[in-house]
Amino acid sequence: MCGIIGYTGKRQAAEVLLEGLRNLEYRGYDSAGIALFTQSGLKTYKAQGRLSQLEALLGENLPDGQCGIGHTRWATHGVPSDINSHPHASGSVTLVHNGILENYMELREQLLRKGRTFVSQTDTEVIAQWLDEEYQRDHEPAAAIRRALPSLKGSYALGILFADRPGVLYAVRKDSPLIVGQGQGENLIASDITAILPYTRDYLLVEENELAIVTPEKVQLFSPIGEPVDREFCHADWDVTAAQKGGYAHFMRKEIDEQPRALEATISPRMASGHIDFSADGVEDAFLSDFHSIQIVACGTAMHAGMIGKYLIESLARVPVSVNIASEYRYSDPIVGKDDLVIIVSQSGETADTLAALRLAKERGARTLAIVNVVGSSIAREAERVLYTYAGPEIAVASTKAYSVQVAMFYLLALHISRLKGTLSAERLSACEKALLAIPQTVKAALETSPLCKKMAADLAEASDLFYIGRGLDYCLSMEGSLKLKEISYLHSEAYAAGELKHGTISLITEKVPVIAIVTQPGLQEKMVSNMQAVRARDGFVLAICQEDAVLPSDAADRVLRLPGPAIDPLFAPLAAIVPLQLIAYEIAVLRGCDVDKPRNLAKSVTVE
Ligand code: AGP
């Protein structure tokens with residue numbers, strides 16, 4: 001969603017802000033702008049479209065000034081336009097905003113009655129005007145901010161400048177993320193760490209409704225009631241190159257290849273003793289015991305990882321599990337309480353629907369465990385316990401390595417809960433733990449299918465509709481494979497339980513509708529083969545993805561893509577089979593000339609409803 005950066009220090013602020021906004025582009029945006037304290041006062045420059053539009057507006061010689069704020073906007077209230085772009089100014093106040101002001105119409109009406117007028121359609125301008133109204137009372141920035149905040153309903157991360165406070169950045173947040181970066185004689189604010197990495201790796205997390213006052217020499221944090229807050233700085237291990245493409249054509253392709261390392265980084269620390277142990281994560285065995293059911297809640301790819309989690313926990317630990325779409329869950333009046341464990345899955349840890357579902361589960365008294373990739377994100381901080389995945393920064397909008405490590409976390413959880421409940425024999429448990437430790441190598445072998453996936457993509461790239469089919473774990477995989485294709489290649493596809501095709505949907509199968517059949521489960525292979533033969537009997541084209549040693553009748557598929565390497569325990573096949581599905585989607589998107597890392601209409605983190 002929107003990206004925020006602010007700078008105050010010795011450099012030319014415009015260059016720092018533009019550099020930071022470039023690093024934030026991956027969040028998805030439709031306009032950008034900066035505001036600077038220049039020799040001739042506080043100036044704002046903003047333009048609809050890509051950053052290049054803003055750079056054209058600024059011209060060759062960037063404006064002077066050593067303090068300012070910048071913003072990339074993802075439109076929520078008000079269409080993408082120059083005037084609706086941020087920063088927004090009102091009187092002495094100029095600010096940028098990430099989030100949604102839910103009561104903006106009510107506040108706008110009150111301000112209109114006070115004689116104020118508006119130039120944009122945005123909720124953000126309402127905040128600027130509301131804050132200026134308070135500021136004009138006493139020209140005290142911190143006091144004015146504290147008086148204004150209680151009226152703001154909704155989510156916000158704000159970077160604020162006051163015209164008569166040159167060189168000072170003010171920042172405050174509620175629900176939307178915000179950090180403060182500390183440099184040498186220079187300091188920054190940002191929505192996330194990638195914006196400030198070129199200048200510092202040391203940063204502070206701004207907590208709910210805390211106020212940060214930032215000058216080149218000093219970073220101060222204050223509680224909502226104005227008390228100074230003393231907080232430890234965090235240190236970002238992700239250097240800028242980790243967030244750069246490193247020689248790949250796209251972040252997504254790089255991140256597909258990073259999966260073995262990400263899996264290693266996520267699995268190993270929890271198996272240091274040879275057995276699964278979450279104590280270093282602060283997740284005690286008691287927290288993972290004595291509950292009636294588990295409810296997994298997430299969106300998109302994270303929800304697809306949860307589908308695998310359901311299968312694993314139910315089959316290994318014999319605990320009833322439901323998988324819930326967060327945007328449905330939060331409005332469904334869910335039957336959840338103190339006897340339930342709610343597992344919240346989110347790569348970004350900032351997805352609005354998922355965060356809301358977490359808060360609802362907590363209100364209802366449920367135990368909440370988050371599986372999150374971004375350290376210190378809102379979901380991570382608000383859940384009772386958190387298990388971090390260590391995929392590193394995932395820049396491509398389409399999730400790949402984050403999905404794999406979420407699935408890996410569910411293997412760890414399912415096996416650990418089965419151990420606590422004694423539902424698996426010692427032999428089976430030991431074999432599973434060994435298979436899990438070997439997963440990074442298994443996935444590394446699956447990456448060798450890349451050339452074949454590139455060839456297969458050519459067979460599929462001209463289709464306008466495709467099906468992904470599977471049974472059991474393979475059906476869960478088909479959901480993720482289908483989403484990958486849709487979101488980056490803009491081709492329509494549908495995931496379907498293979499056994500369900502015959503109940504109507506098979507009428508859509510023609511020679512123009514290819515079917516990708518995922519067949520990694522020996523116990524379901526016979527049924528899968530008959531589904532594949534039924535598709536081919538209707539002139540459908542079938543690409544089968546199966547294990548190295550699978551024996552398929554010649555009339556079951558037109559193409560067969562085998563997962564290389566020694567036979568994989570079928571229970572662990574999903575972590576290998578997802579790789580060709582990601583690669584095929586990627587190669588088709590490249591063939592179709594799509595913007596693979598930043599697909600149209602999508603954002604990396606959907607921090608608004
Ligand atoms: C993933 O490819 C998608 N871009 C999207 O479905 C994503 O998984 C979803 O928005 C949830 O994001 P989160 O994991 O950061 O909460």
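Not measured: the values here are computed from a predicted model. All ligand and atom numbering here is 1-based and tracks the order in the structure. Sequential numbering from 1 along the given sequence is applied to the chain's residues.
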Exercise for review: If you have a sec, work out which protein heavy atom is nearest atom 2 (O) of ligand 1 and how many Å separate them, to one decimal?
Suggested key: Glu487 OE2, 2.5 Å
Check your understanding: By number and element, which atoms of ligand 1 are closer than 4.0 Å to a non-hydrogen atom of Ala302?
Key -> 8 (O), 14 (O)
Check your understanding: What atoms of ligand 1 come within less than 4.0 Å of a heavy atom belonging to Ala398?
Key -> 2 (O)
Practice item. Before accepting this row, confirm whether a basic side-chain N of the pair Glu19/Arg22 lies closer than 4.0 Å to the acidic partner's carboxylate O. Key: yes
Review point. Who's the nearest protein heavy-atom neighbour of atom 9 (C) of ligand 1, and how far?
Key: Cys299 O, 3.9 Å
Check your understanding: Taking the side chain from Asp202 and the backbone from Phe233, do they hold a donor-acceptor pair closer than 3.5 Å?
Key -> no
Check your understanding: So, Thr389 side chain and Ala391 main chain: donor-acceptor pair closer than 3.5 Å or not?
Key -> no
Review point. Can you tell me the protein heavy atom closest to atom 10 (O) of ligand 1 and the distance?
Key: Val606 CG2, 4.1 Å
Practice item. Report yes or no: do Glu25 and Thr72 form a side-chain donor-acceptor pair below 3.5 Å? Key: no
Review point. If we only count N/O pairs under 3.5 Å, is Val397 in contact with ligand 1?
Key: yes
Review point. Are side-chain N/O atoms of Thr301 and Ser399 paired as donor and acceptor at under 3.5 Å?
Key: no
Review point. Do the charged groups of Lys604 and Asp597 touch, with an N to O distance under 4.0 Å?
Key: no
Check your understanding: Does the pair Arg359/Glu363 count as a salt bridge with the N-to-O cut at 4.0 Å?
Key -> no
Revision key, fill the gap. Within 4.0 Å of some non-hydrogen atom of Lys484, the atoms of ligand 1 are 2 (O)
Point to revise | side-chain contact (heavy atoms from CB on, under 4.5 Å) between Thr442 and Phe572, worked out | key: CA-CA 9 Å; Thr442 306; Phe572 294 86; over 6 Å; no
Review point. What protein heavy atom is closest to atom 14 (O) of ligand 1, reported as residue, atom name and distance in Å?
Key: Gln347 N, 2.7 Å
**Study point:** Residue, atom name and distance, where the atom is the protein heavy atom closest to atom 1 (C) of ligand 1
**Key:** Thr301 OG1, 3.1 Å
Revision key, fill the gap. Ligand 1 atoms nearer than 4.0 angstrom to some heavy atom of Ser399 are 1 (C), 2 (O)
Check your understanding: Quick check: does Ser346 get an N/O under 3.5 Å from an N/O on ligand 1?
Key -> yes
**Study point:** Nearest protein heavy atom with distance in Å, relative to atom 13 (P) of ligand 1
**Key:** Thr351 OG1, 3.3 Å
